[in-house]
Participant: 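First, the structure itself, so that you have it in front of you.
Since this is a predicted model, take the numbers as computed values, not measurements.
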There are 4 protein chains.
Amino acid sequence: MTVRILLLFACLWATSASASETERWRVVIDLWGNPVHQTLELNRDGARLSGTLDGDPLTGRAEGAQLRVTATANDRHYHLHGTRDADALMGTADFPDPNQPERRAEHAFTATRLPSRPPGPPRLIDFVPRDYANLFSADRAPVLTIWPGDTVRTRTLDSGGVDEHGVTRALFGNPQVGPFYVDGAEPGDVLAVTLHRLRPNRDHADSLDALVGRAQGLGLATQAGALGKPVRWRLDRVRGIALPPPGSGLDGLTIPLRPMLGGIAVAPGFGFPPMSAGDSGRFGGNMDFNQIVEGTTVYLPVAQPGALLYLGDAHAAQGDGEISQYGLETSMDVEFSVAVIKERALATPRVESATRLMAIGQAGSLDEAVRAATQGLIQWLQQDYRLSLSEASQLLGAAVEYRIITLAGRNAGVAAMLDKTSLATLRASPKRE
Amino acid sequence: MTVRILLLFACLWATSASASETERWRVVIDLWGNPVHQTLELNRDGARLSGTLDGDPLTGRAEGAQLRVTATANDRHYHLHGTRDADALMGTADFPDPNQPERRAEHAFTATRLPSRPPGPPRLIDFVPRDYANLFSADRAPVLTIWPGDTVRTRTLDSGGVDEHGVTRALFGNPQVGPFYVDGAEPGDVLAVTLHRLRPNRDHADSLDALVGRAQGLGLATQAGALGKPVRWRLDRVRGIALPPPGSGLDGLTIPLRPMLGGIAVAPGFGFPPMSAGDSGRFGGNMDFNQIVEGTTVYLPVAQPGALLYLGDAHAAQGDGEISQYGLETSMDVEFSVAVIKERALATPRVESATRLMAIGQAGSLDEAVRAATQGLIQWLQQDYRLSLSEASQLLGAAVEYRIITLAGRNAGVAAMLDKTSLATLRASPKRE
Amino acid sequence: MTVRILLLFACLWATSASASETERWRVVIDLWGNPVHQTLELNRDGARLSGTLDGDPLTGRAEGAQLRVTATANDRHYHLHGTRDADALMGTADFPDPNQPERRAEHAFTATRLPSRPPGPPRLIDFVPRDYANLFSADRAPVLTIWPGDTVRTRTLDSGGVDEHGVTRALFGNPQVGPFYVDGAEPGDVLAVTLHRLRPNRDHADSLDALVGRAQGLGLATQAGALGKPVRWRLDRVRGIALPPPGSGLDGLTIPLRPMLGGIAVAPGFGFPPMSAGDSGRFGGNMDFNQIVEGTTVYLPVAQPGALLYLGDAHAAQGDGEISQYGLETSMDVEFSVAVIKERALATPRVESATRLMAIGQAGSLDEAVRAATQGLIQWLQQDYRLSLSEASQLLGAAVEYRIITLAGRNAGVAAMLDKTSLATLRASPKRE
Amino acid sequence: MTVRILLLFACLWATSASASETERWRVVIDLWGNPVHQTLELNRDGARLSGTLDGDPLTGRAEGAQLRVTATANDRHYHLHGTRDADALMGTADFPDPNQPERRAEHAFTATRLPSRPPGPPRLIDFVPRDYANLFSADRAPVLTIWPGDTVRTRTLDSGGVDEHGVTRALFGNPQVGPFYVDGAEPGDVLAVTLHRLRPNRDHADSLDALVGRAQGLGLATQAGALGKPVRWRLDRVRGIALPPPGSGLDGLTIPLRPMLGGIAVAPGFGFPPMSAGDSGRFGGNMDFNQIVEGTTVYLPVAQPGALLYLGDAHAAQGDGEISQYGLETSMDVEFSVAVIKERALATPRVESATRLMAIGQAGSLDEAVRAATQGLIQWLQQDYRLSLSEASQLLGAAVEYRIITLAGRNAGVAAMLDKTSLATLRASPKRE
């Protein structure tokens, strides 16, 4: 079998809670060795429990530390019973066998209490990472819980795991900061991440003189074998330029710094394994898009409770396609804030700048990636500008811009982009939250 | 067999000429039904003839209207004898059988005298087309002979064959003006065509609301069947904008005019058939690249004597990819001049603007087209900026821009582009003619 | 504009005919330099003419050698008048301007009388070619008119134009025998060509040691540059094997002869240019499919009156993909017969053997070719076995076989194949003519 | 950065061992949260220790339960010290910082003692799985240690996690049996798995009536949305056929059973994340190749100590491409044995049957997959038949067969196949271990 769409048979259960207050828990069910993450909301009225699990309604009873609930999804009942203390809950859940509904299977679960939003306005948080993730995964414990509106100041390592002092702090391969648990983000929502500041925090960047396979025509392949050597660029942060190592035919060359974030992701959904920090998909990931720069907002489809935001792998500059396998890899100061758009379908990751809409298509070939990018941009126009497919086609036919994002990863990437000034003159006012 | 590289077995012969003057002839040999075009240079010293055929040396004798010459290529001898009058020459050529060199085969040929360059400075010529070509072909008679430095003012029909008055003047399918015979251009050279002026000469452009197959993801395909309707845009040439037909969700939209030439080509070389005016390749053709605008220079590899330049299919504006199958198709005033760069290898067509180098890759998939574009740009940097492959890879890795040119033809197209300001700071001065 | 589907504005006219007999003519109209081929049927009743042009009804009058008719298609009227003698007809046709219907444009036409079917049973015809075509074109004069049921015995050159005696008879690049005009075949029909005999008629075959670009991974590219040398195989026609040249690591190798026809085509339809004998498409062409062997029937969609069948480029044997650029190229004795299936849609060329259905997909990439092949096979199952799309998907999911046909041409080719024994057990009897 | 090739900075250390005996340990080092698996061989002579870690030489000392060793790779020294008991070892390792070699970083490690080979001939082991893996991972504990020559009898669930009794035993998505630790297999070796028996052990198989995206041409896409329904086939194991559900146009159809193993894998190497049991790569995985049947041997490149063999996802039958997303999914009795070929490079997975060599190419597009398959087959011919690239090209050009393996996964798959009877007649005797 090839698995494309995994339909989670909905899970549900209950927990005790004090008085009539609502408690929220982050639940992990062990489905034959595979952790499933869900949000449990529990209201207690005396011994009676009500609430939701992963959005499905539940009822139950609490007796002392014991609780026993039944939830219902698609006319099927799921039972769970557990024992709680202040911040932890554990027990077993039983589900009908999807192939023999009269049979039931028991699965262990654990849960941790979700914190309440701190009082006051959105916060500005300085977050100093202590360790780094080489996988985009729902199974890694969140490093911080944040709320929509909060702003975080942090710093990323370079793709080799090296910090602003040149010290190796993590394993090479795009180690990421995170995940940040964004309270209130649930599967089906969209996480909007605005990058307020993106600045290299050291004076060099590491790259290669390589040519990735997808860029190598046969005419070059015979010579390309000699490539692949490290190249250390100097970053002149005052003048805002990068300079290649002296002594080559590139002497005199200056490349404007254009700091970008190569990796930005939410955790992949249930049914997807932990993904390499070098991989990409609808969840974002190592997209290596040189238009994800200071001032842009990245939209990603939430697939796990809390979204679980990761970021890393910043580049001081990068050509389209990242065809030398590395951009100008460096450590970076990063400042971002988050927002949650509830229940919004998103075929592809999106990026918005002051002047442009950009839909990102990613697939095993450019020919498929451009289809995904086109579909993503048309979906955006249909959702926010109320255009029909015919109208969107006319507009794109006259004005779309396609850039190749990356040729360097397992996925190739293509961006379909539109100038927002064209859209500003549309009589149909955009539909926006 | 699949034919990729056709090695023309070199042909040669002679002709009489008056006094010691050099004559130049355009020769057509009939190779088993296939016309081969070559240039014959003939010097006469009394009855003795010398010169070249397709660059190969020849010797011979003229007696009255008869001439008999032998040319030599790769140690093989080719004989031809013919009869001439003032401007025409005809006869037979015999070649060794490539598979049985002791056998010889006879082929008829004809030739027409090439004119001499008019005295004086380069000319400005107004050329009014009388008919149009639906094929890019070496076999169509030139409509005009021009010399490097000459400037031509002409006008193109829209892709449907319709002129500035709305009258159909040619068959739909990108009818082209030309071919222009560029004196002195020979296979192995490069033709440089600079577009000095490119202006729509009517007030409407025709397009569709389609989505080409290469842009259609499966999610759109179910709805895309209803598309394909004609859409007539209004061109406001004073304000420099295009407006969609009123009454749709696009009301209020204005697209800036950005006139471009969809078709620009030299005749394909021997071994290639006449190509549809909708096709493309190393010879250029229906590339539909929205960066071929006023002020740019297009470089094409000459594959036939005289280059045989065609142009047509202008668009008032077009998004990348031409994904609605048509751009904003309109008739156009065109002014261009030509130059010839001798003996320059060119892996792909190139376009140069005031600010950018752009190499065009075209192939049956985007994944192959991007390889061709990369190779073309690297070749350019190696030729004109003396960069090594390693240096070119570093530069592209940091600064290349990839745009998708077209998704609408048999070939997909990709442009690899570099900002010339980066290159201007290189210490290695560009090597230029 | 990129031209995909060219809608011929229907043309029509009339001609005189003697008495009440029906005459059939092959008409060529010159549409601004582009020949259009159509069939004219003309019935004469006194001075009154009736009949069809390209299937559209017409009425008119004949006066002496003059005739004047009006035909109607899609509510538009077309007039033509001409002069005839016994076997020729010429004159002018006028059509409304598609963009300004009140304007009319005149186009010259000529026509030649089509012969009547010879009396008696289908014929066995020995046809010795005198010259060969390097293009698949509707514009080449037919070499022979044949009728459904007729069988033709002829011989093809190898792809280099060399005959059974080693003598070069035509230009390299798959020179073809034909075109054969198949009386009664009209656009919208299917031509079925059954290959009764396919035998090499000499004792050697020419090939290369090359690796085409589509087969070259980057790991091989560095070494592949040294390839491309000619390799002459010995054909032992008695033992039915091919042997490589002695003295290499292949000593002792024998490859079973499996003679196949690389090129089989009908003329491409109006709107397509003459296609290189190395190219392929829905019309067939240089498909290089090693399952087109003795005993198979090839189905091609007719796009021009008379179908205009071409064949050539036989191989003594060939691996899938023709990845050494050449198969085992040789001259061949060929015997075939033709049938016409009226008004049958055909998304792709098809091949049928005693045991298998094979639909051929051809496109600029394998990824598109496999889609076309799948669609072609499903269409076949829907047409002839009355399967729904759901049923066809179940069948293919369990039993389809995909072979790569060619990697060597501009198009890549893929075959989707089904064993007919599976289908024989279907209760739903196949719907067959 | 995009990570392609991860160069593990070699790790090393020591451990104590009793007397002069050699001990072997399976070591796991925690590299900033990423487990690295290596094999430690330790010889003890009094207090002096020698041996290897991941093949690198080491020296050290044991004092009581403490041990302290230094290993050397590429002139760099690595220190580790730890504490052991009978079967466990733990401690810290320090490595130089790859970016600042004078700095050193400490990493925790643990190790478990590897068992010795049981005395006697190779064993026949009945293995009943208790749980199943939904990831191909080096981090899952081996379920069994086996030695080259051993044969294992076990059974696989269907891709939905359902066993021979229809009971769900694991999470859908190709749950796998394993991993089996194959003693002696080290990175750089090849694991050969011979499938002696592959038989469905129940009377039904589950499939869909879907068409995967890679098989859907645009012409089908409009109808394909209605597909995707479950289809339960009946397996008649006595007659060896599968029958579709009655009542459709497929009534009467019988498909021969051809049981195959969709998933067979070794653990991916360091630098690759755990891979979904639905994914594939050089490590094998969910290749879904319908030629991996009873009697074949599968060769996979070992990338982790012990190879860590997984298998699952058997199909009763499957067409090429698995284009209905599922094959005929069923539970299966499986019997296999293993062998290890030391130090053999393997560009791609290989399959060998009694009659054929088959190299498997897998990539994000068919166009890349066919290149990988070709390269894999040429490598095989170079290694085992001593052919040069030129000779291999001639052979493939005349005799290769390409089958499409899968269109259903993230990777597309292509097999390049050769008939071994051709090879049997080669004078150059194959070089074989």
Side-chain angles (χ1 to χ4, degrees), chain C residues 207 209-211 214-217 219-220 223-224 227 229 231 242 244 248-255 317-324 327-328 347 365-367 370-372 374-375 378 386-391 393-404 407 414 422 425-428, chain D residues 207 209-211 214-217 219-220 223-224 227 229 231 242 244 248-255 317-324 327-328 347 365-367 370-372 374-375 378 386-391 393-404 407 414 422 425-428:
Chain C
S207 195
D209 74 342
L211 264 189
R214 277 199 180 96
Q216 267 181 55
L220 293 176
Q223 318 164 54
L227 302 180
K229 295 181 298 297
V231 175
S248 87
L250 296 177
D251 277 356
L253 178 72
T254 59
I255 299 287
Q318 181 207 292
D320 288 356
E322 204 189 17
I323 64 168
S324 48
L328 273 55
S365 69
L366 285 177
D367 293 281
V370 74
R371 289 172 159 137
T374 305
Q375 188 154 340
I378 288 177
R386 301 176 183 175
L387 296 188
S388 68
L389 178 59
S390 166
E391 292 156 0
S393 297
Q394 293 170 53
L395 176 55
L396 266 56
V400 73
E401 187 177 334
Y402 286 112
R403 289 275 289 272
I404 292 177
L407 298 169
V414 169
S422 297
T425 60
L426 277 180
R427 298 241 170 87
Chain D
S207 194
D209 74 342
L211 263 189
R214 278 199 179 95
Q216 268 180 55
L220 293 175
Q223 318 164 53
L227 302 179
K229 295 181 299 298
V231 174
S248 87
L250 294 177
D251 276 356
L253 178 73
T254 59
I255 298 288
Q318 182 207 292
D320 288 357
E322 203 188 20
I323 65 168
S324 48
L328 271 56
S365 70
L366 285 178
D367 293 281
V370 74
R371 288 172 159 139
T374 305
Q375 187 154 343
I378 289 178
R386 301 174 183 175
L387 296 188
S388 68
L389 178 59
S390 166
E391 292 157 359
S393 298
Q394 294 170 51
L395 176 55
L396 266 55
V400 74
E401 187 177 334
Y402 286 113
R403 290 275 288 271
I404 292 178
L407 297 169
V414 169
S422 296
T425 60
L426 278 180
R427 298 241 171 88

Participant: Could you go through Leu389(D) and Asp209(C), starting from their C-alpha distance and side-chain angles, then the distance that decides it, and tell me whether this counts as side chain to side chain contact (heavy atoms under 4.5 Å, CB included)?
Facilitator: CA-CA 9 Å; Leu389(D) 178 59; Asp209(C) 74 342; over 6 Å; no

Participant: With chain C as the partner, which of Val370(D), Val231(D), Ile404(D), Val414(D) has the greatest number of non-hydrogen pairs under 4.5 Å?
Facilitator: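 That would be Ile404(D).
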
Participant: Between Ser390(C) and chain D, which part of the residue has a heavy atom less than 4.5 Å away: side chain, backbone, both or neither?
Facilitator: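 For Ser390(C), backbone and side chain are both near chain D.
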
Participant: With chain D as the partner, which of Leu395(C), Thr425(C), Asp367(C) has the greatest number of non-hydrogen pairs under 4.5 Å?
Facilitator: Asp367(C)

Participant: Given that the side chain runs from C-beta out, which part of Val400(C) has a heavy atom under 4.5 Å from chain D: side chain, backbone, both or neither?
Facilitator: both

Participant: Compare every heavy atom of Leu250(C) with every heavy atom of Glu391(D), then report the nearest pair and how far apart it is.
Facilitator: O-CD1, 3.6 Å

Participant: Can you name the closest pair of heavy atoms from Ile255(D) and Ala317(D) and give their distance?
Facilitator: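 Looks like CG2-CB, 4.2 Å.
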
Participant: Answer with side chain, backbone, both or neither: which region of Ser422(D) has an atom nearer than 4.5 Å to a non-hydrogen atom of chain C?
Facilitator: both

Participant: Is Leu396(C) close to chain D through its backbone or its side chain, or both, or neither, when contacts mean heavy atoms under 4.5 Å?
Facilitator: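 It is both, since atoms from each part get that close.
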
Participant: Write down the atom of Ser324(D), the atom of Ser207(D), and the distance for their closest heavy-atom approach.
Facilitator: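 Minimum heavy-atom contact is OG-OG, 4.0 Å.
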
Participant: Counting only heavy atoms closer than 4.5 Å, note whether Leu328(D) contacts chain C via side chain, backbone, both or neither.
Facilitator: side chain

Participant: Identify which part of Ala347(C) has an atom lying under 4.5 Å from any heavy atom of chain D, answering side chain, backbone, both or neither.
Facilitator: neither

Participant: Which heavy atom of Tyr402(D) sits nearest to which heavy atom of Asp320(C), and what is that distance?
Facilitator: N-OD2, 2.7 Å

Participant: Please report the closest heavy-atom contact between Arg403(C) and Arg403(D), naming both atoms and the distance.
Facilitator: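 Of all heavy-atom pairs spanning Arg403(C) and Arg403(D), the closest is CD-CD, 3.6 Å.
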
Participant: Check whether Ala372(C) gets within reach of chain D through its side chain, its backbone, both or neither, counting any heavy atom under 4.5 Å.
Facilitator: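 Looking at Ala372(C), nothing touches chain D.
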
Participant: Please name the pair of heavy atoms, one in Ala210(C) and one in Leu227(C), separated by the smallest distance, quoted to 0.1 Å.
Facilitator: CA-CB, 4.1 Å

